[in-house]
Student: 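One structure coming up, written as structure tokens, with questions to follow.
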Amino acid sequence: MIFIGTVNLVRTRDEGNFLCPACGVSQGYRLRARRPWLTLYFIPTLPMGSFDYFVQCDHCKVNWDPSVLEMDAVTHANVGEEQFCDEALRAAVLVVLADEQFTENEIMALQKIAQQLMKRSMERDELGRICSSAQHNRIEAGNYVLSVSRHWNQQQRAQALQAMFLAATADGPLGEPQMRILTRMRELFEFTDTEYHAAIEQAVDWDLGA
Ligand SMILES: [Zn+2]
């Protein structure tokens with residue numbers, strides 16, 4: 001039997017400092033080049049496809065498109081905020097998915113949450129794509145937030161918690177799995193009781209309408 005497979009080989013091509021949109025401050029980076037190789041008996045023998053370049057922050061380890069090196073400070077802040085909004089919405093979608101179903105109320109609530117976060121309206125199509133990709137990836141909401149929230153600041157954490165809370169309560173009282181997720185967020189974000197309750201109370205200000 002012949003063992004054939006693929007492996008991604010990654011090399012550092014350059015190093016320097018850049019303004020990391022996730023960290024919000026200047027950090028060291030490495031410009032990395034990734035290329036898939038065909039392996040024979042686990043030994044890379046043949047390159048397949050072209051190089052794929054990305055910039056990795058030394059501090060938060062988030063990967064960015066190399067164009068990040070040419071951005072100015074304002075664009076950086078926007079990119080970081082856009083990424084956060086996307087992540088917070090996905091977290092809210094996963095909270096809804098925790099009970100394995102979407103109801104009309106939940107879809108409408110998610111649309112309004114998206115609007116609040118992104119300051120623009122979101123069509124059902126676009127939301128539907130996010131939902132089906134979340135469903136497809138089958139990641140649990142708590143684990144997802146654990147993996148993406150490293151670069152969220154305190155205010156963004158509160159905002160994400162509010163989005164998740166509003167998504168969880170779109171259909172009335174909180175179910176058991178959703179309650180568990182929100183409790184886990186409290187621990188993950190290291191909120192005190194007061195901070196946690198203040199954040200939840202502010203969710204009312206989102207004015208999602210009835
Ligand atoms: Zn960073």
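Both ligands and their constituent atoms are indexed starting at 1 by order of listing.
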Student: Using a distance threshold of 2.8 Å, state whether an N, O or S atom of Cys23 lies below it from the Zn ion (ligand 1).
Tutor: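 Here the distance criterion (N, O or S atom, under 2.8 Å) is met by Cys23, so yes.
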Student: Determine, using the 4.5 Å side-chain heavy-atom cutoff (strictly less than), whether Val148 and Leu182 are members of one ILVMFWY cluster.
Tutor: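 The answer is yes; both residues are in one hydrophobic cluster.
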Student: At the Zn ion (ligand 1), what is the angle formed between atom SG of Cys60 and atom SG of Cys57, rounded to the nearest 10°?
Tutor: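 So the angle at the metal works out to 100°.
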Student: Donor-acceptor check, side chain of Glu106 to backbone of Asp171, threshold 3.5 angstrom: yes or no?
Tutor: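 No, Glu106 side chain to Asp171 backbone: no donor-acceptor pair under 3.5 Å.
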Student: Counting backbone and side-chain atoms alike, does His151 have an N/O/S atom under 2.8 Å from the Zn ion (ligand 1)?
Tutor: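 So His151 does not count as coordinating the Zn ion (ligand 1).
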Student: Going by atom types alone, do Gln202 and Gln159 pair a side-chain donor with an acceptor below 3.5 Å?
Tutor: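 No, no side-chain donor-acceptor pair sits under 3.5 Å.
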Student: Do any N or O atoms from the side chain of Gln162 and from the backbone of Ala199 form a donor-acceptor pair under 3.5 angstrom?
Tutor: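 Indeed, once roles are kept as given, a pair shorter than 3.5 Å links the two residues.
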